[in-house]
2 protein chains.
Amino acid sequence: MENRIERLCIESGVKMTGQRRIIARVLSEATDHPNVEELYRRAIAIDPRISIATVYRTVRLLEEKGILERRDFGEGRARYDPTDRGHHHHLIDVDTGKVIEFEDEEHEAVVKRIAERLGFTLVSQRLELFGRRVKAEAAREDQPRAEPPRAAARRPARPIPLARARRAPPPRGAGER
Amino acid sequence: MENRIERLCIESGVKMTGQRRIIARVLSEATDHPNVEELYRRAIAIDPRISIATVYRTVRLLEEKGILERRDFGEGRARYDPTDRGHHHHLIDVDTGKVIEFEDEEHEAVVKRIAERLGFTLVSQRLELFGRRVKAEAAREDQPRAEPPRAAARRPARPIPLARARRAPPPRGAGER
DNA sequence: TTAAGTGCAAAGCCTTTGCTGGGAC
DNA sequence: GTCCCAGCAAAGGCTTTGCACTTAA
């Protein structure tokens, strides 16, 4: 059993409580990009003595420590992505909501160049691609879908609860390379 | 006096009420990316007999009609961008919150290629760059800033109020080219 | 020991919506 | 004349927070 996240927490000087250890474990075992509610669900499956407020406080703390990155796939809630998985972007399947990670050096070079052309040094960036799987059998695309795509993909770019600004800008997160 | 947006509304078969005309005018005159509250402020300056609920309903309608695009700069609220300004992305100055529009053919080609490499056809995308102005006098960057950057830039990728999914995914908006 | 974390419930913020009266076509 | 729209206020959904108790170091 690993628990990379707990290790990172300790390295960052985060006081490890029982609840945080569980959340760290859940995060370490996750291979997807869970939102708070999902993290909470997985956490209470291990130990019910944990509240969702603690999950919110913990992801926020880990985000501030640079252990987690907050992602916004336009669903109306945040998702979290451990930074130790490395720098990457996401492609969301608009029909299934499935998220695919990728990285691309050429893209990094291009955006860096764009920023410089505009007189800026790139601090960070957000890139999400939305795509549809290429299928052999050309889909009859005009026909209305009986089953609408998953919520994840259905919600478009969505606003965001204001909430008092609290920490630094995107600068820290994804982007540098 | 122009009012491009009102024209677009009529072309799209949107019933023009007094309130919508005012909002259309505000949008036509805007050169920035106002959020709902800002639109509301500008609208009531012209005619106070308008409620913020109407602004919300109107931007949503215009978004569905493809006249507006919803943007999320990670501030906790949505901003709106008339689509007739053409396809573009944004670079946000992390120190001032100022938003700069840009477009780049090379980038478009790169992301299209990325999607294809992953077995997808690109439906849309979201790209935001966060950068810091390049200054002649090399800034002493470790020194803490007396004045923190504007809220706009300070808030990182932020969650998003869930709200029942309502229309199609990002597909429609920015991205295609 | 003692500062920090946790639970619970209430509050906050942006956004949506039910309902009633009003207006566009 | 009808169906859609606007206002208002309440509700909704995610997230934060005040307070009293518990716990890590």
Side-chain angles (χ1 to χ4, degrees), chain A residues 6 9-10 12-24 34-41 43-44 47-65 70-80 151 155-167, chain B residues 6 9-10 12-24 34-41 43-44 47-65 70-80 151 155-167:
Chain A
E6 180 174 350
C9 286
I10 294 169
S12 297
V14 170
K15 186 196 278 189
M16 290 312 292
T17 65
Q19 291 87 334
R20 289 183 180 173
R21 226 179 301 272
I22 289 172
I23 295 169
N35 56 42
V36 169
E37 200 183 320
E38 183 58 33
L39 287 174
Y40 174 61
R41 227 191 314 268
I44 56 177
D47 185 338
R49 293 173 309 170
I50 185 171
S51 81
I52 196 159
T54 296
V55 180
Y56 271 106
R57 280 191 274 235
T58 301
V59 293
R60 179 168 160 172
L61 173 68
L62 300 199
E63 188 193 357
E64 282 161 6
K65 293 293 184 183
R70 187 194 308 228
R71 300 285 191 176
D72 163 20
F73 295 158
E75 306 156 284
R77 31 158 118 53
R79 288 180 176 227
Y80 290 87
R155 296 282 15 278
R158 237 336 184 54
I160 300 177
L162 201 209
R164 26 258 147 289
R166 54 179 164 72
R167 50 140 259 223
Chain B
E6 180 174 349
C9 285
I10 293 169
S12 296
V14 170
K15 187 194 279 188
M16 291 312 293
T17 66
Q19 291 85 335
R20 289 182 180 174
R21 226 179 301 272
I22 289 173
I23 295 169
N35 56 42
V36 169
E37 200 182 321
E38 183 58 34
L39 287 174
Y40 175 61
R41 228 190 314 269
I44 56 177
D47 185 338
R49 292 173 310 171
I50 186 170
S51 81
I52 197 160
T54 296
V55 180
Y56 271 107
R57 278 191 274 236
T58 301
V59 294
R60 178 168 160 172
L61 173 67
L62 301 199
E63 187 195 357
E64 281 162 7
K65 292 294 183 181
R70 187 194 310 225
R71 300 284 191 175
D72 163 20
F73 296 158
E75 306 155 286
R77 30 156 118 53
R79 289 183 178 223
Y80 289 87
R155 295 284 14 278
R158 236 339 184 55
I160 298 177
L162 203 209
R164 26 259 145 291
R166 53 178 163 71
R167 48 142 259 222

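Remember, predicted model here, so these are calculated numbers, not experimental data. In the text below, chain A, chain B and the rest are named by the order of the sequence lines, each starting its count at 1. Computed from heavy atoms alone, side chains included, the values below leave out hydrogens, waters and symmetry copies.
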Participant: Provide, to the nearest angstrom, the distance between the CD atom belonging to A:Glu37 and the C1' atom belonging to D:dC14.
Facilitator: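 For the pair A:Glu37 CD and D:dC14 C1', the rounded distance is 9 Å.
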Participant: Counting only side-chain N and O atoms of B:Thr54, is one of them less than 4.0 Å from OP1 or OP2 of D:dG7?
Facilitator: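 Yes, within the criterion.
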Participant: Give the nucleotide from the list D:dG7, C:dT17, C:dG7 with an atom nearest to the side chain of A:Ile50.
Facilitator: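 My answer, after comparing the listed nucleotides, is C:dG7.
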Participant: Give the rounded distance in Å between these two atoms: CD1 of A:Ile22 and C1' of C:dG7.
Facilitator: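 It is 14 Å, rounded to the nearest whole Å.
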Participant: Does OP1 or OP2 of D:dA24 have a side-chain N or O of A:Arg21 closer than 4.0 Å?
Facilitator: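 So the side-chain polar atoms of A:Arg21 never come under 4.0 Å of the phosphate oxygens OP1 or OP2 of D:dA24.
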Participant: Side chain of A:Arg77: nearest nucleotide among C:dG5, C:dG23, D:dT15?
Facilitator: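 The closest nucleotide is D:dT15.
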Participant: Using the side-chain heavy atoms of B:Thr17, tell me which of these nucleotides is nearest: C:dC8, D:dC8, D:dC5.
Facilitator: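 Among C:dC8, D:dC8, D:dC5, the one nearest the side chain of B:Thr17 is D:dC5.
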Participant: Select one nucleotide: of D:dT17, D:dT15, C:dT16, the one nearest the side-chain heavy atoms of B:Tyr56.
Facilitator: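 Among D:dT17, D:dT15, C:dT16, the one nearest the side chain of B:Tyr56 is C:dT16.
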Participant: Please state how far atom CG in B:Leu39 lies from atom P in C:dT15, giving the value in whole angstrom units.
Facilitator: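 From B:Leu39 CG to C:dT15 P: 11 Å.
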Participant: Between A:Lys15 and A:Ile52, who's closer to the 5' end of DNA chain D by nearest nucleotide?
Facilitator: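 On the 5' side of the pair lies A:Ile52.
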Participant: Measure from CG on A:Leu61 to C1' on D:dT17 and round the result to the nearest Å.
Facilitator: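 Those two atoms, CG and C1', are 16 Å apart.
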Participant: Rounded to whole Å, how long is the line connecting atom CZ of A:Arg70 with atom C1' of D:dC14?
Facilitator: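 In whole Å, D:dC14 C1' lies 11 Å from A:Arg70 CZ.
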Participant: Give a yes or no answer on whether the side chain of B:Arg70 reaches the backbone of B:Arg79 with a donor-acceptor pair at less than 3.5 Å.
Facilitator: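 Between the backbone of B:Arg79 and the side chain of B:Arg70 there is no qualifying donor-acceptor contact (under 3.5 Å).
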Participant: Whole angstroms only, please: what is the OH-C1' distance between A:Tyr40 and D:dG13?
Facilitator: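 Going from OH in A:Tyr40 over to C1' in D:dG13 covers 16 Å.
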Participant: Indicate yes or no: at least one non-hydrogen side-chain atom of B:Tyr40 is less than 4.5 angstrom from one of B:Glu38.
Facilitator: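 They are not in side-chain contact.
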Participant: Crowded around A:Arg49 CZ? As in, over 12 foreign heavy atoms under 6.0 Å?
Facilitator: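 Result for CZ/A:Arg49: open.
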Participant: Please tell me which of the listed nucleotides, C:dC8, D:dC3, C:dT15, lies nearest to the side chain of B:Val36?
Facilitator: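 Ranking C:dC8, D:dC3, C:dT15 by closest atom to the B:Val36 side chain puts C:dT15 first.
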Participant: Rounded to the nearest angstrom, tell me the gap between atom CG in A:Asn35 and atom P in D:dG13.
Facilitator: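 These atoms are roughly 15 Å apart.
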Participant: D:dT23 phosphate, OP1 or OP2: any side-chain N/O from A:Gln19 under 4.0 angstrom?
Facilitator: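 For D:dT23, OP1/OP2 do not have a side-chain N/O of A:Gln19 under 4.0 Å.
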Participant: Ignoring hydrogens and angles, tell me if any N or O in the side chain of A:Arg20 forms a donor-acceptor pair with the backbone of A:Thr58 under 3.5 Å.
Facilitator: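 It does not hold such a pair.
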Participant: Could you tell me how far apart B:Arg49 (CZ) and C:dG21 (C1') are, to the nearest whole angstrom?
Facilitator: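 Interatomic distance, CZ of B:Arg49 to C1' of C:dG21: 15 Å.
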Participant: Check whether any side-chain N or O of A:Arg60 sits under 4.0 Å from OP1 or OP2 of D:dT17, and answer yes or no.
Facilitator: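 So the side-chain polar atoms of A:Arg60 do come within 4.0 Å of the phosphate oxygens OP1 or OP2 of D:dT17, strictly under.
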Participant: Tell me if a side-chain donor or acceptor on B:Thr54 pairs with a main-chain N or O of B:Ile50 at a distance below 3.5 Å.
Facilitator: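 Answer holds: no.
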Participant: Return whichever of B:Gly18 or A:Arg20 has its heavy-atom-nearest nucleotide of DNA chain C closer to the 5' end.
Facilitator: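 Of the two residues, A:Arg20 wins.
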Participant: With a 4.0 Å limit, can you tell me whether B:Arg57 has a side-chain N or O closer than that to the phosphate oxygens OP1/OP2 of D:dA6?
Facilitator: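 No, no such contact exists.
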